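Note that the structure is predicted; figures quoted are calculated from it, not measured.
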Amino acid sequence: MTGVPASAAGGPSAAKGGPVGAVSGAPSGAAPSAPSDAVSGTAAAVHASAVPAVGVVSEAASEAGGDSGAKPARGGKIAAAAVNQASVWNIANLLTMLRLLLVPGFVALMLANGGYDPAWRSFAWAAFAIAMITDLFDGHLARTYNLVTDFGKIADPIADKAIMGAALICLSGLGDLPWWVTIVILGRELGITLLRFLVIRYGVIPASRGGKLKTLSQGIAVGMYILALTGWLATARFWVMAVAVVLTVVTGLDYVRQAIVLRRQGIAERRAALEETEA
């Protein structure tokens with residue numbers, strides 16, 4: 001069987017090994033033919049060039065993410081930031097939008113039928129209560145589920161002050177609440193908001209426990225004034241509002257103190273950094 005050509009065996013192996021079979025079938029002392037040498041040289045050249053290519057691909061794959069200590073590509077950071085950016089149409093912002101839409105509805109209900117109808121005042125109280133409840137949930141949802149957006153940062157405080165300001169102005173306009181109370185509360189809220197913007201270059205004034213208690217007391221007091229209460233409840237709401245006014249003034253003064261301290265610290269840090277740079 002030694003005389004049978006290698007190609008007669010058939011199959012892929014024979015096709016791949018054609019030149020080898022030809023060489024093995026030649027006499028032991030004969031030199032390999034020129035075509036066989038050319039084919040072998042070409043195959044060797046292809047194999048030699050393929051090895052560096054594989055090494056380059058493997059190295060690129062390792063740099064792309066195989067090594068846990070490698071730095072991610074700049075494009076990867078941009079893509080990750082785009083994925084992590086919360087959509088404007090998330091649940092927290094939708095609650096804020098709902099609170100903004102409730103403001104004109106609340107005013108219409110509050111002033112319906114002259115503004116003294118107990119039934120319409122009850123509907124107005126319901127709208128005010130929904131707005132205050134959503135105020136508690138939208139911020140919590142945004143912080144818990146990373147839904148904080150630039151729109152929410154701007155719209156949330158506007159919605160808070162809009163619903164509270166609308167309620168206070170309506171109550172004072174109807175004669176249910178003295179105007180000085182409305183002026184003190186709204187003046188404090190607008191003043192502190194402006195103060196936060198003025199010192200934001202030095203840092204952020206954190207919300208205090210007194211500030212949260214102030215917001216709660218204001219909501220309860222204003223809600224009691226919206227309802228057409230009589231008897232001892234009408235007397236109780238006066239004292240609740242008194243507590244809210246006191247907390248409003250005290251926490252406002254505390255914010256002013258924090259702003260002054262924060263500004264002084266910021267100026268001192270800048271001076272120290274400037275001296276180190278000059279030295």
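At least one side-chain heavy atom of V222 sits under 4.5 Å from a side-chain heavy atom of M241. Considering only heavy atoms from C-beta on, Q258 stays 4.5 Å or farther from L195 through its side chain. Residues T182 and L171 fail the side-chain proximity criterion, which asks for heavy atoms closer than 4.5 Å.
Under 3.5 Å, the side chains of N90 and T149 contain no donor-acceptor pair of N or O atoms.
Shown here for T251 and R188, the closest heavy-atom pair between the two residues is OG1-NH2, 2.9 Å. What you find for S172 and P178 is that their closest heavy atoms are OG-O, 3.6 Å. The nearest pair of heavy atoms linking S217 to V240 is O-CG1, 4.2 Å. Between A124 and F106, the shortest heavy-atom distance links the atoms O-CD1, 3.2 Å. Pairing each heavy atom of A167 with each of F128, the nearest pair is CB-CE1, 4.0 Å. Nearest approach of N93 to G152, heavy atoms of both residues: OD1-CA, 3.5 Å.
Tracing side-chain contacts under 4.5 Å through hydrophobic residues (I, L, V, M, F, W, Y), one reaches F238 starting from W232; they form part of the same cluster. By the criterion of side-chain heavy atoms lying less than 4.5 angstrom apart, applied directly or through intervening Ile, Leu, Val, Met, Phe, Trp or Tyr residues, L111 is grouped together with V103 in one hydrophobic cluster. A continuous path of Ile, Leu, Val, Met, Phe, Trp and Tyr side chains, each step under 4.5 Å between heavy atoms, connects V107 with L174, placing both in one hydrophobic cluster. Under a hydrophobic clustering in which Ile, Leu, Val, Met, Phe, Trp and Tyr are joined whenever their side-chain heavy atoms come within less than 4.5 Å, directly or via other members, V245 and I192 fall into different clusters. Hydrophobic cluster membership differs between L98 and I154, with clusters built from Ile, Leu, Val, Met, Phe, Trp and Tyr side chains linked at under 4.5 angstrom.
More than 12 heavy atoms of other residues, nucleotides or ligands shown are found within 6.0 angstrom of OH on Y116. No more than 12 heavy-atom neighbours from other residues, nucleotides or ligands sit within 6.0 angstrom of CZ on F123.
Expressed to the nearest 0.5 Å, how far CE of M164 lies from OG1 of T215 amounts to 7.5 Å. Interatomic distance, E189 CD to D160 CG, rounded to the nearest 0.5 Å: 9.0 Å. With rounding to the nearest 0.5 Å, the separation of CE in M132 from CD1 in I163 is 8.5 Å. To the nearest 0.5 Å, the span separating CG on D156 from OG1 on T134 amounts to 9.0 Å. Going from atom OG1 of T248 over to atom CG of L213 covers 10.0 Å, rounded to the nearest 0.5 Å. Separation of atoms CG (L198) and OG1 (T193) is listed at 11.0 Å; rounding is to 0.5 Å.
Of the possible polar contacts, none joining the T144 side chain to the L141 backbone as a donor-acceptor pair under 3.5 Å is found. Under the 3.5 Å distance criterion, the side-chain polar atoms of R121 are matched with a main-chain donor or acceptor of I226. At distances below 3.5 Å, not a single donor-acceptor pair connects side-chain atoms of R263 with backbone N or O atoms of Y202.
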*Criterion side-chain contact (heavy atoms from CB on, under 4.5 Å) on V148 and K153, from CA distance to verdict*: CA-CA 7 Å; V148 179; K153 294 177 183 178; 3.5 Å; yes
*Stepwise, does the side-chain contact (heavy atoms from CB on, under 4.5 Å) test hold for I169 with W179?*
CA-CA 8 Å; I169 292 173; W179 274 106; 4.2 Å; yes
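Screening I267, I260, V261 for a side-chain contact (heavy atoms from CB on, under 4.5 Å) involving R264 leaves a single residue, I260.
Between D176 and R237, no side-chain nitrogen of the basic residue sits less than 4.0 Å from a carboxylate oxygen of the acidic one, so the salt-bridge criterion is not met.
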